[in-house]
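To keep things clear, I will list the structure first and then write my remarks on it.
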Amino acid sequence: MAKKKTPKLHLHIPVPAARPGDTPTFDHIPLSPAGQVLRPKIDTQEEQLRNFPYELIRVLDDAGQAVGPWVPKVSADFLRAGLRSMLKTRVFENRMFAAHRQGKTSFFIKSTGEEAISVAQSMALESDDMCFPTYRFSGWLIARDYPVIDMINQIFSNEKDPLKGRQLPTLYSARDYGFYSLSGNVGSRFGHAVGWAMASAYKNDHRIALGLIGEGTTAEGDFHEALTFASVYKAPVILAVTNNQWAISSFSGIAGAEQATFAAKALAYGIPGLRVDGNDFLAITAATRWAAERARNNLGPTLIEFVTYRASGHSTSDDPTKYRPADEAQHWPLGDPIERLKTHLIFQNEWSEEQHTKMEEELSASIRATQKEGEAVGTLGNSKPSVSEMFEGVFKEPDWRVIEQRREFGI
Amino acid sequence: MAKKKTPKLHLHIPVPAARPGDTPTFDHIPLSPAGQVLRPKIDTQEEQLRNFPYELIRVLDDAGQAVGPWVPKVSADFLRAGLRSMLKTRVFENRMFAAHRQGKTSFFIKSTGEEAISVAQSMALESDDMCFPTYRFSGWLIARDYPVIDMINQIFSNEKDPLKGRQLPTLYSARDYGFYSLSGNVGSRFGHAVGWAMASAYKNDHRIALGLIGEGTTAEGDFHEALTFASVYKAPVILAVTNNQWAISSFSGIAGAEQATFAAKALAYGIPGLRVDGNDFLAITAATRWAAERARNNLGPTLIEFVTYRASGHSTSDDPTKYRPADEAQHWPLGDPIERLKTHLIFQNEWSEEQHTKMEEELSASIRATQKEGEAVGTLGNSKPSVSEMFEGVFKEPDWRVIEQRREFGI
Amino acid sequence: MATMNMLQAINNALDVKLAEDPDVLVFGEDVGYFGGVFNATKGLQEKHGLTRCFDTPISEGGIIATAIGMGAYGLRPVPEIQFADYILPAFDQLVSEAARLRYRSNGEFWAPLTVRSPYGGGIFGGQTHSQSPEAIFAHITGLKTVIPSNPYDAKGLLIAAIEDDDPVIFLEPKRLYNGPFDGRHEEVVKTWAGHPNADVPAGNYTVPLGKAAIVRPGADVTVIAYGTMVHVAQAGIDDSGVDAELIDLRSIVPLDIDTIVASVRKTGRCVILHEASRFGGFGGELSALIQERCFYHLKSKIERVAGWDTAYPHAFEWDYFPGPARLSEALKRSMEA
Amino acid sequence: MATMNMLQAINNALDVKLAEDPDVLVFGEDVGYFGGVFNATKGLQEKHGLTRCFDTPISEGGIIATAIGMGAYGLRPVPEIQFADYILPAFDQLVSEAARLRYRSNGEFWAPLTVRSPYGGGIFGGQTHSQSPEAIFAHITGLKTVIPSNPYDAKGLLIAAIEDDDPVIFLEPKRLYNGPFDGRHEEVVKTWAGHPNADVPAGNYTVPLGKAAIVRPGADVTVIAYGTMVHVAQAGIDDSGVDAELIDLRSIVPLDIDTIVASVRKTGRCVILHEASRFGGFGGELSALIQERCFYHLKSKIERVAGWDTAYPHAFEWDYFPGPARLSEALKRSMEA
Ligand SMILES: Cc1ncc(C[n+]2csc(CCOP(=O)(O)OP(=O)(O)O)c2C)c(N)n1
Ligand SMILES: Cc1ncc(C[n+]2csc(CCOP(=O)(O)OP(=O)(O)O)c2C)c(N)n1
Ligand SMILES: [Mg+2]
Ligand SMILES: [Mg+2]
């Protein structure tokens, strides 16, 4: 063929709207006004749902009012419990973060600004459902009254660490609380949620699974494989992307956000994709309930993108001001989830600033006391489980190698 | 929360419309009438293209007429060349398949019914573009006049095998013909097409890449990773799914076809997704040109699903009547690509039955002669490259291990 | 008791477990209606139902991830990977997840999967239908790797693997599916009929993981093999005329170190045979373990006979394949030293 | 000539190659603007431009697939995998594609990538930020695996790897980034300042792949190590008082077999040290190769000192880590035997 003249190609590398020193902006993030998005029936055909990934389901408006078809049926007690768990999560995480600075642990990771997702989902699902969390999901455990002391002992890797010193701090496992074992690898448990849900369906059980993944991690093959299996076998699972705008130092554009919303990935699998205000406790509750109802009624999986913002650094290992404007959080258009639920409750005359301050003080005191309790057992390096734990649990029964090596080690 | 009564879950396992003994049907495959789908400008916003994955771009109608906005500008010579290459591909493959039955090779794989895709794409792209093929793409080489004798020598693993006996038959490599090295693993080269295209863009070159994948293989993580990178970096690449309805014995529903078209997977990445009649030489040409023009103009990748039908078994290793009705091919609604282009040319008065018969005879004779030539060199086991070739090419320069092992082997 | 080839024995093991334990599920690419590309799961879907034995998407990572999730729920999944060469896309799932789940969760969750996969060469499968990846699994703490060499063991080991609460990689020597193959590829193909280990009991029985078999007692040199190579070893031993003791490892993790050490201490000589390429192969580990434990008993150096350090080349299959001749020479070298 | 720590040396090697060869590209998770989670690529994007050093999606398989495609085009990609533990999702790309491309295409295509990745423990990274996966790469025909132990070598080997036309896995001992670490974790942290191998020339120079270094000549026993363990070995040797010859392999594929054999023939004793778990580790291959080639020279059994056959446990890092004390004991055992 004759060669036509075409322009020179060039390679596109996405860059975020603002770097340190720039003025932050989130104008590129499409928002919908609170209350605007319709709430379809759970058995609506996928064909009718194809616009949802491009909208944003919001319930709480700027005044703190709950508006529109997605307002969930919840009691004030329920909301106060949610508020309390979010606040407890924040207080707990802030203390542990500080404990890291004091050398009491090797590592810590916070979910600041994202507490609504873990807490609301924990409360929206049943106690025997199973959640396959990310490392930014301690709110799930807190909402279910998992003993904070056990988390602290794990974080301090001390003698009472429920994971026996084998795991990096924050990589909890809590089967009885519907919280699957975490690992340092991101993404590789997303498909476990699907397998677990398929098993439940196979056994004609009623339990469903929830899988979580960060927006950055949606780029892993695991994401696609999980969604493919979920879709093909109509697994009773909710698959959720927590889009907090950042991977470690990479903005969501490096994961494809310049081209599509993360909810739009549902379209590839012919399943509903909801895009939900991740800082809106009520919207999260409503969307999770909707997806759970679908799952429980054999209508298959739902993908939910929660639009939120990672208000802190990625972990104790990074300084976010090195790669984004220090004041970026203040420009985030969807506010803070705790503030928003608090405003709503106050607006409803179900809460007050005084009560809030009191609760905060009470939670601070309680977490402080629990931390002391953990410190009394020991912090990193000055207390640990029996070293024999290193050799346990490789297999159900130890084989000769670890038996010999224990001997070689002298225990 | 109080437990609501929900129905028992059950596990959905997709089953095809017909198994051996059943009456075949393809009613579940959405078709559009020829000529009906619009042809957007190449720089149309993705938002305006979101319906395309659910349509079917067709040019040739049942009468053999080329209709609608996607009719490509092509000469009769061009079409005759395409017809010839398709026919040559079919004749060649049928002979090699028979040669396998005669023990002349260990393995063979045909593209019967799918020849339009490889041939039309080969002709639509430039000679210095690079194609990352599947094993069902020999039409690409034939359309570019790659010496059939070299393919036959590769298939016979004989002394003149251009790949020196190292590869399974049909897993060609032909750099000078824009044909990337095949491997037995499915899917794992899809991302190479993206990397190659990114390299071309990085170098301000004008060359583009084409990646191919089977509909069954879209389930691999590789598929998602390739599309993610292509979308994020706006790589000048065409990514094509050949949806021939079957993986080996698994129907497309096992890859998600019950829920979505394969073209719809484009929506996950915010790139255009075209669904194209894969047995329509003109539609393939037009769609490939459209996508190529986008790529060359720095508008990024396009995903194309070619809807076709695998008329033969998967390879020499399976008997398709074991898992699908023996007469399923006859029910395929999109006909045979060779017949359809032939009918079109005849309709246009540019071809005749006589010419066709003559061409078929001529091609049969020529392939037969070339096969003889290959057989004169040798077939599997009775001629092979120097065994020293086994030890070559592990690294650019051999290290002591293969040098020692050669010695140990005695050569 | 019936005569079964290896495929039938494997099929039968799955059948027995599917019938006996509703928590056992069999799935993989083409394993459902079609019964697998090698027929290993033939008839199981029809007999046990669509949800007990079914096709999966072509996604090895997805298959294993799904299986792990099912295992965490409480099932005993038996996924098939169509060829061991295609286990690699699932490698992260196997290593980072299946192998580590019990340890990291302090026993709250575990992954009792049995990953069946045909492996090895000898069928002109070329580079990507012939590989033997056992060494990379052997290095992964938390994974067991089992490789049967005959129908009786195949069934008993497979049932043991399925009943085991740890993740097991179950590698099936595809060249042995239909008959014992001793590497003499020019000879007429043998079937399992008449082979002592082709008598397979009907019901549930297990061959314990981690127990090697002494296939042939001998005084002069120990030969260690597994899978296809057990038969090649027998042929090589016959050719050499050496009175070799042949050990079939049956599982490489857990490894029956006691049987190995006792034999080498007795014979003072050792040849290790495997089909995988030599460098970094499992033979290295065996050699190291043996010299660590039998240093003063060794009369000559431990020899390794293995595939060359190249890919598995289609046309040169029999040049690559470590056949009886190569073993026989190694045995002679070992005896002469 | 400047004093550099290992990170600076690596950064400098990339800088030199980016400046000198427009076909060199550096990319990976967080490597662009941020400069990598360990700062190895710091400043490179700013200096060389957005398209020369950039962030990628979190997709190790995608990163390597992209790099292979770029390599096939004609570039020299230098992808980073953030932690060697996370190389596994890319394992299929490395094995089935990068390692085999040249061979299977008869040299029409090849994959000249250099995959940089921090590996090893000692930073309280827990199970998934501490592993040493070199053994599984060593077994893969077609892959080279390089592991530097000091700034001078790191730069020279990295440049050699980038200039090499074969795929290279370049494992960076993260515990050595900022200072030599001999395993005495209770002691005050050392920096590279003053270390003879921290003097790094400014421009392009290479340390050839496949050439080991004799770090410490000795008469009585050969110690073989690489990466972090070179420093641990030195400490262990000092502790033991044994006159050991210490070999730093620098690359495990290609392996400098001549240097190893010459040393063990001289000393008659050998201890191998690595951080990865022992079973199936690279120590097995080394042990096997040495006993095959030095059988009659060996005065005592070859010892392996390595990580235990468990995952890398967070709180027990120093119990797991094969430190100088364990080496020193092995040296004494080796000498006493
Ligand atoms: C397989 C794997 N690759 C890379 C990493 C390193 N890593 C840890 S967290 C992280 C960023 C994840 O970002 P995202 O998915 O957006 O989750 P977020 O932290 O924002 O919740 C990366 C790259 C990892 N842990 N696992
Ligand atoms: C990674 C990998 N997994 C499995 C296989 C076995 N296999 C070969 S072809 C095939 C079916 C592919 O189906 P599809 O993608 O639809 O392509 P088609 O053959 O229909 O063109 C399978 C499962 C393989 N070759 N590679
Ligand atoms: Mg994120
Ligand atoms: Mg197909």
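All values below come from the heavy atoms of this structure, side chains included, with hydrogens, waters and symmetry mates left out.
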(message) Give me the atom names and distance for the closest heavy-atom approach of A:Leu11 to D:Phe54.
(response) CD2-CE2, 4.4 Å
(request) Just give me the residue among A:Ala219, A:Gly214, A:Pro16 that pairs up with chain D most often, heavy atom to heavy atom, under 4.5 Å. (result) A:Ala219
(message) Run the side chain to side chain contact (heavy atoms under 4.5 Å, CB included) test against A:Ala264 and tell me which residues pass, sequence neighbours left out.
(response) A:Pro53, A:Tyr54, A:Ala260, A:Thr261, A:Leu267
(message) Let me confirm one number: the CD1-CD1 distance from D:Ile58 to A:Ile248, rounded to the nearest 0.5 Å.
(response) 7.0 Å
(message) Counting heavy-atom pairs under 4.5 Å with chain D, which one of A:Gly256, A:Pro385, A:Gly221, A:Gly393 comes out on top?
(response) A:Pro385
(message) Between A:Leu163 and chain D, with a heavy-atom cut-off of 4.5 Å, which part of the residue counts as in contact: side chain, backbone, both or neither?
(response) neither
Inter-chain polar pairs, chain A versus chain D: which donor-acceptor atoms lie under 3.5 Å apart?
from, atom 1, to, atom 2, distance (Å)
A:Ser106, OG, D:His314, NE2, 2.6
A:Ser157, OG, D:His314, ND1, 3.0
A:Gly165, O, D:His314, N, 3.3
A:Gly165, O, D:Ala315, N, 2.8
A:Arg166, O, D:Gln127, NE2, 2.9
A:Gly184, O, D:Tyr86, OH, 3.3
A:Ala219, O, D:Ser59, OG, 3.3
A:Glu220, N, D:Ile58, O, 3.2
A:Ser249, N, D:Asp30, OD1, 2.7
A:Ser249, OG, D:Asp30, OD1, 2.7
A:Ser250, N, D:Asp30, OD1, 3.4
A:Ser250, OG, D:Asp30, OD1, 3.3
A:Ser250, OG, D:Asp55, OD2, 3.4
A:Lys384, NZ, D:Ala315, O, 3.4
A:Lys384, NZ, D:Asp319, OD2, 2.9
A:Gln405, OE1, D:Asp309, N, 2.7
A:Gln405, NE2, D:Asp309, OD2, 2.7
A:Glu408, OE1, D:Arg278, NH2, 3.2
A:Glu408, OE2, D:Arg278, NH2, 2.9

(message) Between A:Pro14 and chain D, with a heavy-atom cut-off of 4.5 Å, which part of the residue counts as in contact: side chain, backbone, both or neither?
(response) neither
(request) Under 4.5 Å heavy-atom distance to chain D, tell me which part of A:Pro320 shows up: side chain, backbone, both or neither. (result) neither
(message) Between A:Gly253, A:Gly187, A:Pro169, A:Ala247, who has the most heavy-atom pairs with chain D when the cutoff is under 4.5 Å?
(response) A:Pro169
(message) Using heavy-atom distances under 4.5 Å, tell me whether A:Val394 contacts chain D through its side chain, its backbone, both, or neither.
(response) side chain
